[in-house]
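Okay, so here's the structure we're looking at.
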2 protein chains.
Amino acid sequence: MADVARLAGVSSQTVSRVSNGYAGVNEETRQQVLEAMRELGYRPNSAARALKRGEFRTIGVITFGLSSTGNVRTLEAIATSAAQEGYAVTLLPVAVPTQDEVRGAFSRLGELAVDAVIVIMEVHLLDAVTISLPPHVQVVVADSDAGDSYTVVDTDQAGGSRAAVRHLLDLGHRTVWHLAGPEESFAAQRRTDAWRAELVEAGREAPPLVRGDWSAESGYRAGLVLADRPDCTAVFAANDQMALGLLRALHEQGRYVPDDVSVIGFDDIPESGSFLPPLTTVHQDFAEVGRRCVAGVLRQMHLDVPERGTTLVPTRLVMRESTAPPRMDQAH
Amino acid sequence: MADVARLAGVSSQTVSRVSNGYAGVNEETRQQVLEAMRELGYRPNSAARALKRGEFRTIGVITFGLSSTGNVRTLEAIATSAAQEGYAVTLLPVAVPTQDEVRGAFSRLGELAVDAVIVIMEVHLLDAVTISLPPHVQVVVADSDAGDSYTVVDTDQAGGSRAAVRHLLDLGHRTVWHLAGPEESFAAQRRTDAWRAELVEAGREAPPLVRGDWSAESGYRAGLVLADRPDCTAVFAANDQMALGLLRALHEQGRYVPDDVSVIGFDDIPESGSFLPPLTTVHQDFAEVGRRCVAGVLRQMHLDVPERGTTLVPTRLVMRESTAPPRMDQAH
DNA sequence: CCATCAGATGTTTACGTAAACATAACAGCA
DNA sequence: TGCTGTTATGTTTACGTAAACATCTGATGG
């Protein structure tokens with residue numbers, strides 16, 4: 001900066017003013033400074049800036065793996081929105097979703113150059129974690145339960161699940177089976193709860209729960225079991241991957257979808273329109289979740305006050321070809 | 001830091017020494033300092049550290065979208081390896097893969113707190129881009145052509161493609177059709193080139209090229225065309241998503257896989273084992289690509305000299321149920 | 001018994017920036 | 001003419017840290 005100032009024949013403070021676009025600099029001077037910057041290839045030093053300003057213009061994102069489509073899409077939206085606001089995004093992957101690991105990530109974060117934190121994690125660990133963060137570092141949690149400790153942005157899991165169940169009941173199915181996600185997952189739990197609630201409200205019997213682990217493989221295994229139940233005419237799978245495995249198992253066992261069994265998924269991953277048959281599913285707006293996370297965290301930063309409460313992003317039922325009314329002899 | 005020093009009754013320099021784990025500090029003093037740190041909740045200020053040390057301990061990752069499975073898995077491995085080395089990862093998503101956008105990302109990077117850059121981008125734009133980076137910022141490119149400008153880490157696209165084609169020829173197919181990825185993609189181009197080369201070397205005629213855009217939907221459209229060609233008994237799809245769409249189209253048109261048509265994919269996404277039928281495909285080791293990117297970039301940083309040349313990560317053929325010998329009347 | 005040396009700790013300084021304050025030049029106005 | 005206010009610019013300082021150098025203490029050995 002001093003070099004630029006010397007070359008432009010001004011003080012370093014003026015260079016600073018130009019570099020930050022402040023008013024009150026003569027246009028002519030400004031041009032000279034800009035010219036000098038170009039000539040010397042000057043770049044502001046962000047470390048010094050951060051030190052002086054006391055902020056890093058960076059948001060940290062803690063996420064358990066990038067394996068799930070949802071996490072990734074949310075992350076992408078976060079990175080994009082953050083960039084628009086002039087913030088960078090620093091990634092903190094957590095290998096295993098244990099409390100220790102998460103706490104470890106938070107403590108590493110303490111030493112990290114970060115003004116705020118967004119946690120994308122579907123496991124319900126956060127309320128229990130004693131998190132120690134530098135003061136004024138705001139937190140927003142996506143996809144999880146955070147008790148009343150933090151702002152939470154999430155997809156409307158319950159609404160989506162209920163819509164899925166209702167759709168199947170409306171088609172005339174006596175009841176709807178549920179292929180649930182893993183017990184540890186908070187999202188899975190809420191989908192299961194909503195499935196059961198919707199059935200109960202409709203006065204239907206809830207069949208026994210079948211559980212997978214989100215993977216297509218686990219959906220396949222569950223499908224082999226379900227294919228043996230002739231009374232199973234409609235299945236709500238807690239995600240599209242498991243629905244994919246389910247479709248394969250049913251096909252192999254000679255149970256036709258949707259004629260014999262209707263299947264509905266959750267997520268609407270890009271591939272689900274190409275399944276056999278194309279999958280009816282609940283669309284999640286991950287991008288919106290990401291955007292709201294960033295908006296929330298920035299709002300908190302400006303106010304410098306943590307907010308509480310949950311924002312729900314609505315879902316949308318996407319009709320394709322994997323659901324149909326039950327055969328006449330099985331109808332309600 | 002001064003507060004900690006005062007409380008511990010030492011100089012700030014000693015606190016610095018403890019905080020950095022330097023030797024030459026009396027054990028007793030060390031404990032006092034640590035105690036004082038705990039009591040005051042002291043956290044080193046990373047901005048000041050970066051300013052003083054002249055390095056940020058951060059790697060920037062430029063990527064075009066997080067839509068492709070490969071990019072994401074590579075990114076995940078990068079973040080994990082980087083964390084192990086004590087480096088943070090800052091994300092720079094580029095919305096559109098145009099030269100301007102990429103150049104823009106690089107220039108934003110210039111103001112960013114980053115010691116090195118990894119570019120994950122399958123489009124071949126980089127050689128043309130006049131990149132202006134701060135001095136001593138090293139670059140590694142994954143998945144792309146970078147001319148001779150940078151270190152490149154990539155999957156052995158050619159080897160994998162050749163293995164796929166050879167597998168189908170070995171099964172007895174007269175020739176192998178190819179469902180290619182988009183023209184702009186460097187990876188797609190290399191897969192196509194290798195497919196053609198392998199056929200030529202085996203003395204076979206290369207059928208006309210069918211092109212998709214990586215999406216399952218485009219695979220479906222291509223599949224409708226291919227299903228009409230009775231001479232098409234084996235297809236090498238440039239990725240698993242397109243293979244998925246292809247499977248659906250063939251199924252709808254009454255062409256059975258693998259009896260009538262063999263299909264092989266590329267990538268080995270987690271779902272491909274649950275396709276109908278489970279997909280034979282070429283496994284890519286994205287994690288290894290990510291690890292090598294980080295290793296490469298750190299090596300360059302320590303040497304402070306850019307390296308050139310390409311590292312290829314080998315692939316592996318994963319046999320499942322979508323490939324089989326052709327029917328007798330179609331055999332070679 | 002003192003020179004020498006190693007280990008432990010303190011003092012000074014600079015990293016690059018921007019806020020706060022200071023100064024200078026000049027226009028408007030009574 | 002001198003006062004006030006505005007605009008443009010310069011000077012000083014502090015952000016938190018760690019390298020470089022300085023100092024102090026006590027032990028070792030001839």
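Letters A, B, ... are given to chains in the order of the sequence lines, protein chains preceding strands, and every chain is numbered from 1.
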### Message
Distance check, rounded to the nearest 0.5 Å: D143(A) atom CG versus R190(A) atom CZ?
### Response
7.5 Å
### Message
For a side-chain contact (heavy atoms from CB on, under 4.5 Å) check, start with the C-alpha distance between L91(B) and L75(B), then their side-chain angles and the critical distance, and finish with the verdict.
### Response
CA-CA 9 Å; L91(B) 213 54; L75(B) 171 63; 3.7 Å; yes
## Note on the structure
One should read off an interatomic distance between Q189(A) CD and E184(A) CD, to the nearest 0.5 angstrom, of 11.0 Å
### Query
Can you check the R57(B) CZ to dA18(D) C1' distance for me, whole Å?
15 Å
## Note on the structure
With sequence neighbours left out, the residues meeting salt bridge (Lys or Arg N to Asp or Glu O under 4.0 Å) with R30(A) are E27(A)
### Task
Might you point out which heavy atoms bring Y87(A) and T58(A) nearest each other, and give the distance in Å?
CD2-N, 3.5 Å
### Message
So if I take residues 12-27 of chain A and measure heavy-atom distances to DNA chain C, which residues fall below 4.0 Å?
### Response
Q13(A), S16(A), N20(A), Y22(A)
#### Entry: Between CG on residue L312(A) and CD on residue E288(A), distance to nearest 0.5 Å
12.0 Å
## Note on the structure
Taken in chain and number order and not counting sequence neighbours, the residues that satisfy side chain to side chain donor-acceptor pair (under 3.5 Å) with D267(A) are Q284(A)
### Task
Report yes if a side-chain nitrogen or oxygen of T29(A) is closer than 4.0 Å to either non-bridging phosphate oxygen (OP1 or OP2) of dT9(D); otherwise report no.
yes
### Task
Please report, rounded to the nearest Å, how far the P atom of dT7(D) is from the CD atom of E28(A).
18 Å
### Query
To the nearest 10 degrees, what angle separates the axes at the start and end of the helix from dC1(C)-dG30(D) to dA30(C)-dT1(D), five pairs each?
50°
### For E39(B), all residues meeting side chain to side chain donor-acceptor pair (under 3.5 Å), sequence neighbours excluded
none
Restricting to nitrogen or oxygen on both sides, can you table the protein-nucleotides 14-16 of chain C pairs closer than 3.5 Å?
residue	atom	partner	partner atom	Å
dA14(C)	N3	K52(B)	NZ	3.4

Output a table of donor-acceptor pairs, distance under 3.5 Å, between side-chain atoms of residues 44-52 of chain A and any protein atom two or more places apart or on a different chain; print 'none' if there are none.
residue	atom	partner	partner atom	Å
N45(A)	OD1	A47(A)	N	2.7
N45(A)	OD1	A48(A)	N	2.8
S46(A)	OG	A113(B)	N	3.4
R49(A)	NH2	S19(A)	OG	2.6

### Task
Using the test side-chain contact (heavy atoms from CB on, under 4.5 Å), find all partners of A287(A) that sit at least two apart in sequence or belong to another chain.
A77(A), D285(A), R291(A)
### With sequence neighbours excluded, residues passing side chain to side chain donor-acceptor pair (under 3.5 Å) with T90(B)
T90(A)
### Message
Q13(B): which residues meet the side chain to side chain donor-acceptor pair (under 3.5 Å) condition with it, sequence neighbours left out?
### Response
none
### Message
Test of understanding: with salt bridge (Lys or Arg N to Asp or Glu O under 4.0 Å), list the residues that count as partners of R308(A), not counting sequence neighbours.
### Response
none
Tabulated below should be each protein N or O lying under 3.5 Å from an N or O of nucleotides 26-28 of chain C; please produce it.
none

